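Each chain gets a letter, A, B and so on, in the order its sequence line appears, and its residues count up from 1. What you are looking at is a predicted structure, and each value in this text was computed from that prediction instead of being measured.
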Protein chains: 2
Amino acid sequence: MSRVADALSAAAEPTRRRLLQLLATGPRTVSELAEQFTVTRPAISQHLAVLTDAGLVTARKDGRQRFYSVVPAGITQLRAEIDRFWSTELDLLVDDATKRATTQPEEHRS
Amino acid sequence: MSRVADALSAAAEPTRRRLLQLLATGPRTVSELAEQFTVTRPAISQHLAVLTDAGLVTARKDGRQRFYSVVPAGITQLRAEIDRFWSTELDLLVDDATKRATTQPEEHRS
DNA sequence: GCAATGCGTAAGCCTAGGCTAACGTGTCTC
DNA sequence: GAGACACGTTAGCCTAGGCTTACGCATTGC
């Protein structure tokens, strides 16, 4: 039952990123969410379980459906975690970059 | 040589997060970086390769050392990617959350 | 030249974790 | 009750990817 680690890692996974975005527009049932993806419904259920563990999402039972929605407090904490990572030094670098010409020849490794 | 996917996933990995933070304070050699971690130097080299692929980091050769440093433009792009993820809806939810009582009983799954 | 240093790279191991198929469980309808 | 839904859960597969060990390759000092 390990289930990923921190909220940041939980939210970084591409499928879960999209899930969060979809849920941000309003509550959705598992089936509604699943049809937006190519993977099966159980896979979505499992992703939702990870997001629930991370406190980013919650479910409300209604009959035989379960409406998932985002937990605002969890999102706030995630935001804080990102901001903490994005501490002063990185911000200074960004400021520095935007001051220069924005488009510059990029250099990647061979 | 698959090497992760997007910059966001590259930066999400805990060790690489720390590497970025360390490099944000200034250029470092591989050995300098490696002694901050419990893993071996080659492991750090590999993480640096991933970050280089993602355009977040670059290396300057000097004798037999290699000084790694952050690529400001890459960091800016990463920031943009995060901001794009953190689109309007999620922001509204956060605003909503901060308006309510900040500390609330959290509810996780069993 | 030769050894030591600083690094990248290759081979291979091993676990995390994303996926599917199958099944179990509650709920609604008839 | 019986069937159909909507979902969670489990078992197991399979790949991504993080790790170490071993090695190769420049560079420097002697």
Side-chain angles (χ1 to χ4, degrees), chain A residues 1-20 22-23 26-69 107-110, chain B residues 1-20 22-23 26-69 107-110:
Chain A
M1 307 271 157
S2 59
R3 291 245 214 273
V4 187
D6 49 329
L8 212 156
S9 298
E13 206 276 336
T15 302
R16 290 194 286 267
R17 287 212 293 262
R18 277 194 59 199
L19 278 173
L20 284 177
L22 287 171
L23 289 177
R28 296 277 187 282
T29 67
V30 181
S31 300
E32 282 173 350
L33 292 170
E35 36 183 55
Q36 305 285 343
F37 298 85
T38 61
V39 298
T40 59
R41 184 191 49 74
I44 299 300
S45 261
Q46 288 164 17
H47 280 302
L48 289 170
V50 172
L51 290 175
T52 306
D53 274 355
L56 295 172
V57 144
T58 188
R60 172 176 56 83
K61 269 197 67 172
D62 182 25
R64 46 190 168 185
Q65 323 202 74
R66 287 173 77 84
F67 286 86
Y68 277 86
S69 50
E107 190 166 351
H108 284 211
R109 66 198 308 273
S110 52
Chain B
M1 306 270 154
S2 60
R3 291 247 215 271
V4 187
D6 48 330
L8 211 155
S9 299
E13 205 276 336
T15 302
R16 290 195 287 268
R17 286 212 293 262
R18 275 194 60 198
L19 279 173
L20 284 176
L22 288 171
L23 289 177
R28 295 278 186 283
T29 67
V30 181
S31 300
E32 283 173 349
L33 292 170
E35 36 183 56
Q36 304 286 343
F37 297 84
T38 61
V39 298
T40 59
R41 185 192 49 75
I44 299 300
S45 261
Q46 288 163 17
H47 280 302
L48 289 170
V50 172
L51 291 174
T52 306
D53 274 356
L56 295 172
V57 145
T58 188
R60 172 176 55 85
K61 268 198 68 172
D62 182 26
R64 47 189 168 188
Q65 323 201 77
R66 287 173 77 84
F67 286 87
Y68 278 86
S69 51
E107 190 166 349
H108 284 210
R109 66 199 306 274
S110 56

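The distance from the CG atom of B:L48 to the CG atom of B:L20 is 9.0 Å, given to the nearest 0.5 Å.
In terms of heavy-atom proximity, A:R17 sits nearest to B:S9 at NH1-OG, 4.1 Å.
Rounded to an integer number of Å, the gap from CD of B:E35 to P of C:dT5 is 15 Å. Distance, A:R28 CZ to D:dA6 P: 16 Å, rounded to whole Å. Here the P atom of nucleotide C:dC7 and the CZ atom of B:R60 are 12 Å apart, to the nearest Å. When the P atom of D:dG17 is taken as reference, atom CD of A:E13 falls 11 Å away, rounded to whole Å. Going from atom CG of A:D53 over to atom P of C:dG18 covers 12 Å, rounded to whole Å. Put simply, CD on A:Q46 is 16 Å from P on C:dA22, counting in whole angstrom units. Here the C1' atom of nucleotide D:dC5 and the CZ atom of A:F67 are 14 Å apart, to the nearest Å. Regarding A:L19, its CG atom lies at a distance of 13 Å from the C1' atom of C:dG18, rounded to whole Å.
Residue B:Y68 has a polar side-chain atom (N or O) positioned under 4.0 Å from OP1 or OP2 of C:dG8. Contact check, B:R66 against C:dG8: a side-chain N or O comes under 4.0 Å of OP1 or OP2. Within the 4.0 Å cut-off from OP1 or OP2 of C:dC19, at least one side-chain nitrogen or oxygen of A:H47 is found. Remark: B:T40 is in phosphate contact with D:dT20, judged by side-chain N or O atoms under 4.0 Å from OP1 or OP2.
Counting only residues at least two apart or on different chains, no side-chain hydrogen bond (donor to acceptor under 3.5 Å, both in side chains) pair has a member in residues 35-45 of chain B.
For the pair B:Y68/B:I44, no side-chain contact is recorded, criterion being any heavy-atom separation below 4.5 Å from C-beta on. The shortest distance between side-chain heavy atoms of B:L56 and B:V50 does not fall below 4.5 Å.
For B:R28, the side-chain contact (heavy atoms from CB on, under 4.5 Å) partners at least two apart in sequence or on another chain are B:L23, B:T25, B:E32, B:L33.
Using modelled atom types, no side-chain atom of A:R66 and backbone atom of A:R60 make a donor-acceptor pair closer than 3.5 Å.
One cannot find a donor-acceptor pair under 3.5 Å joining the base of D:dT28 and the side-chain atoms of B:Q65.
Taking every side-chain heavy atom of B:T29 into account, C:dC7 is the closest of C:dC7, D:dT20, D:dT9. Here C:dG8 is the nucleotide among D:dC19, C:dG8, C:dT9 with the atom lying nearest to any side-chain atom of B:S45. Which of C:dT9, C:dC19, D:dC19 sits closest to the side chain of B:V39 comes down to D:dC19.
When each of A:T38 and B:I44 is assigned the nucleotide of DNA chain C bearing its nearest heavy atom, the one mapping closer to the 5' terminus is B:I44.
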Which parts of nucleotides 23-29 of chain C does protein reach within less than 4.0 Å, heavy atoms only, written one letter per nucleotide 5' to 3' as B for base, S for sugar-phosphate only and - for none?
---BBB-
